[in-house]
Amino acid sequence: MSSTTPSDQPDQPEVVSAAKAPFRYGAVLSKAIESRWQSWWSEQDVFRTPNPGDDDFDATKPRFFCMGMFPYPSGAGLHIGHLTNYIPNDIVARYYRMKGRNVLHPMGWDAFGLPAEQYAIETGVHPEETTRNAINTFRSQLKRFGLSCDWSREFATIDPDYYKWTQWIWLQAYRSWYDHHEDRARPVRELVELLERGDYSVTDDLEIIEAPAREGQRSWDDLDHVEQRTAIEHRRLAYLSEQTVNWCPKLGTVLANEEVIDGRSERGGHPVHRRPLRQWMYRITSFADRLLKDLGLLDWPESTKRQQTEWIGRSEGAEIHFRLEEPFEDSLVVYTTRPDTLFGATFMVVAPEHPLVDRLMKNPPEGVDIHAIEAYVSTSKDRSDLDRRSDSGVKTGVFSGIHALHPLNGEELQIWISDYVLMEYGHGAIMSVPGHDDRDHAFALEFGLPIIEVVRPSPETETECYHGEGINVNSSSDLLSLDGMHTAEAKAGVIAWLEEHGIGRGKVNFRLRDWLFSRQRYWGEPFPVVFDEQGHHHGIEDGSLPVELPPLADYEPVESSEPSPLLSKAVQWLETTAGEAGVPSDELDSAAPVRREVNTMPGWAGSCWYYIRYCDPHNTDRFVSSEAESYWLGPQEDGPGGVDLYIGGAEHAVLHLLYARFWHKLLFDLGLVSSSEPFSKLFHQGILTSFAYQRPDTTLVPVDEVEEVGEEQWIEKATGEAVQRVTAKMSKSLKNVVNPDDVVAEYGADTCRLYEMYLGPLEASKPWNPRDIVGVHRFLQRTWRLAVNEDTGELQLADEVDEAVEQALHRTILKVGEDIERLAFNTAIAALIEFTNTATGHGGVTKDQLDRLSRILSPFAPHVAEELWHKLGHETTIGHATWPTHDVELLREQMIEMPVQIKGRIRSKIMVAADADEDTLRTTALSDERIVDLLGDAEILKVIVVPGRIINIIPG
RNA sequence: GCGGGCGUGGCGGAACUGGUAGACGCGCUGGAUUUAGGAUCCAGUGGGGCAACCCGUAGAGGUUCGAAUCCUCUCGCCCGCACCA
């Protein structure tokens, strides 16, 4: 590394008021220091991280890969909340670098997606341009904070060099299937081999089964080309499917389940309607069990693991076949988690979308009131999810006119149609047990259906609608008796009986659904797939990637009830030939006309694997080299591998964080990455709030519409009414967003970094109070003054080591290191402040002490630390200095003060040798003057001695 | 409704596996210095009391020699899920 050091003196401050102390640490000086070192770091490429294979790579060092969730560059620019993500990362990165690790600390941009497109529509400027501008703004704002990122690894998800591989990964899924025997994803060609060999076979419905063909079943070779295609389609991990989807007319696109909250779009809060549509899906459900199980390997916040657990929603129960009455020959299949309550099933309910309902309407049996059914089905179709949810608990429904037979007692059970049963879960049909399920209970009461009690908490206790486990009653027939059994036993009993009679089986169910992956928007990755004239899809060969997003002048969505992908406007682009598009020649003749897929990928696509690309961002041959991948992401002794520390907002708990895990597992199965999980340790930073003003009716008033009229008193300008100051999440509409540039201008970046970390625990939501910033600024000022003469700018240091200062420094080195490792930056900074105060009171620090102090300060305030470091004569960056060591011996105090309690109340304090044994402590405490006085001649029953902690005397 | 988390000075927050509650910062009070300061330095700062001492970690109980920390109930706030059978 070059030793060129910029001039030792900062630019001469210009402000008159500073004339008295031109080298006092303040806005002017901090700015000079910060810009000097920022340019030096960047010119000298100080934080470039060598990769395995590079000349300057040191393979003996352990790695540390830490990153924040990359920002979505918006037109509004960086705000203070972004920094709660990137500053902690930078502190940790700088710390581990000093502790001798190879630190990978990159930055990039999440740049495709809806908000950028909407912003472009609002401003009339193309998203490519607005997004590039926003990236430039974000980059320079972030650099102003002195982040020690390796900027040479920067990329954006909209770079064709990047999304080429996003498309490539999608193709890996498209070309894979899930082997449930081996519990892993495998290439489709291996599935074809299994079918060709006859190990696997195909049913008449073209479903692949993992067993050889049975007598009379057609073999793979007997199927025609289209049939073979269809069979494979049923297995691809990226597949086209006609599904009921969440269509948001306002956003002009469909949305994934994860993006719909309470029937509204997660972004914008627009109503979402359910409608059938043919869309690209990801078979994430195949990974459900592993996504759930492997949470156990992760050092993640419990709340996030819980959210993913609930989202995946594993439940154990049974599938039960109820025979339909004559003339139907088949049965109605239901899923239940309480097979033990089978004797309590008094009717059945199917969802309005259930196939049985269709059959009834097409071919109504005698006596069925078809009009009522049609009316009900059509009403529920029009109702959104939001309307369907009956908060009041009132249930709607209609009798289908037909019955099913209870498998155990032969009773005829009415089959009802109601939208409280969801087609998407289980089989879209339930057995209703109104005695033990609230919803069934409400339905039974509404429509006067029978209720039977079959479980009691104890044999004597009758209850109204008991959901818990207990003892079975009223559960006997000629075929089976469960009476007197406990719930677990009864469940097992029913399942065993069902399996024995072939009318049901134990079954594990998941709430997780497959991931709807297409969007009808412009600003996203195009799918690397085309359709031939028969409508069959063909993946694009690797060599023809990326499929570049065509420039489109008119990307305004048409608000309509019919989804219409914007890319269908790019007529030139979408009509092409197989050869032009890159369809393998053994699939289609190169001259064959094809149409490109006009849907685009959702905003989540690019963020599903960007951490992998950071390891090797400029690779043109592979998405990542295996050397780089296994070094930076490979498994470690203490975890599954992946990013060592990932910091980001909790709002991504079941979106990005679940999707990325899914992609990673897919890549892992295909041997493309070496770890089974992407992020071994995850941390959520808390939200920053700031002052907002509230009317008496609790509505909030924008900050600039409020005037301060006295101490702690504010009025709304427009009305003159008093408003109350509260803290609220920063938002554009409340105009209470803090711009980091303003803080930097007033105090400098080091102060801003320090303040933001000093506010409180990283994970907590905390209020931003500008009044408090001055505290940490003063700390930097005092630390500076501790070592630098404010008139001359020269170092002024103590000659003699003061033992108290030396000991305090060792204690601080230890404390700061420990606190950084547990991400407790607020207490680390408090320790630094304490040290500076101690040193100030003891005549300052020596040169050697300043050397160590600047090193432990440097992760937090890198610029001022770098300045001090160079003043000490160092010529390379402090960022690569080693972390100072602490002497354990020195930390051990000779004499310590110990509290002495009588009956748990502190009555005195004694000075004792730190290593005094229990007897000595007891004797010293009992002979303490005050203790003797207070005890008088009372008998002493007991003395509790906790060495180093406390002595507690219990008199009689 | 279900699940989870959190309630500590005027404010932000400290307090390791139960062991001196209030570290550190803001604010406030007094003093020093300065032509002046929203600068700096020193001292003080949970409440009550002259004091010994008493009371204090949302509230009420409990366990313990000892509880902010563990247990039970109540209240308040925040987050997640929400007809998933």
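So that the names make sense, note that chain A is the first sequence line, chain B the second, and so on, each numbered from 1. In what follows, every heavy atom counts, from backbone to side chain, and hydrogens, waters and symmetry copies are set aside.
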Review point. Rounded to the nearest Å, what distance is computed from the CD1 atom of residue A:I902 to the P atom of nucleotide B:U20?
Key: 17 Å

Review point. Who are the side-chain contact (heavy atoms from CB on, under 4.5 Å) partners of A:Q307, not counting sequence neighbours?
Key: A:A653, A:V654

Practice item. Determine, for nucleotides 38-54 of chain B in 5'-to-3' order, which nucleotides have protein heavy atoms under 4.0 Å from the base (write B), from only the sugar-phosphate (write S), or from neither (write -). Key: -SSS-----------SS

Practice item. Can you tell me the distance, in whole Å, between the NZ atom of A:K942 and the P atom of B:U64? Key: 11 Å

Point to revise | Pairs involving residues 332-349 of chain A, ordered by first then second residue, that meet salt bridge (Lys or Arg N to Asp or Glu O under 4.0 Å) (sequence neighbours left out) | key: A:R338-A:D340

Please write out each protein N/O paired with an N/O of nucleotides 1-5 of chain B under 3.5 Å, distance rounded to 0.1 Å.
unit_1	atom_1	unit_2	atom_2	d
B:G4	O2'	A:R306	NH1	2.9
B:G4	O2'	A:R306	NH2	3.4

Exercise for review: Anything below 3.5 Å on both distances counts as a pair; with that, list the stems of at least three consecutive Watson-Crick or G-U pairs involving RNA chain B.
Suggested key: B:1-7 with B:75-81, B:10-12 with B:24-26, B:27-32 with B:40-45, B:46-48 with B:53-55, B:58-62 with B:70-74

Practice item. Measure from the side-chain N and O atoms of A:R753 to the backbone N and O of A:P859, and report whether any donor-acceptor pair falls under 3.5 Å. Key: yes

Exercise for review: Could you tell me whether A:S432 contacts a base, only the sugar-phosphate backbone, or nothing, with contacts defined as non-hydrogen atoms closer than 4.0 Å?
Suggested key: nothing

Study note, to complete from the structure: Between CZ of A:R314 and C1' of B:C81 the distance, given in whole Å, is 20 Å

Exercise for review: Would you please indicate if the ring centroids of A:Y747 and A:Y755 are separated by under 6.0 Å?
Suggested key: no

Study note, to complete from the structure: note: A:I773, atom CD1; B:G25, atom C1'; distance rounded to Å ~ 12 Å

Exercise for review: For A:I833 and B:C26, give me the distance from atom CD1 to atom P, rounded to whole Å.
Suggested key: 8 Å

**Study point:** Any residue meeting side chain to side chain donor-acceptor pair (under 3.5 Å) with A:N826, in chain and number order, not counting sequence neighbours
**Key:** none

Exercise for review: With sequence neighbours left out, write down each residue that passes side chain to side chain donor-acceptor pair (under 3.5 Å) with A:D917, or none if nothing qualifies.
Suggested key: A:T920

Check your understanding: With A:E319, which residues qualify under salt bridge (charged side-chain N to carboxylate O under 4.0 Å, His left out), at least two apart?
Key -> A:R505, A:K507

Review point. What's the CZ-P distance between A:R922 and B:C65, to the nearest Å?
Key: 16 Å

Practice item. Any pair with a residue in residues 821-834 of chain A that passes salt bridge (Lys or Arg N to Asp or Glu O under 4.0 Å), sequence neighbours left out, goes on the list, sorted by first then second residue, please. Key: A:D819-A:R822

Check your understanding: Between A:A830 and A:K903, which is nearer to the 5' end of RNA chain B once each is assigned its nearest nucleotide?
Key -> A:A830

Check your understanding: What's the CD1-C1' distance between A:I829 and B:C24, to the nearest Å?
Key -> 10 Å

Revision key, fill the gap. Under a 4.0 Å heavy-atom criterion, the protein footprint on nucleotides 9-19 of chain B, written with B, S and -, is -B-BSSSB--B

Point to revise | Set of side chain to side chain donor-acceptor pair (under 3.5 Å) partners for A:R930, sequence neighbours left out | key: none

**Study point:** Parallel, tilted or perpendicular: ring planes of A:F447 versus A:F443, cut at 30 and 60 degrees
**Key:** tilted

Practice item. With sequence neighbours excluded, tell me which residues meet side chain to side chain donor-acceptor pair (under 3.5 Å) with A:H467. Key: A:D438

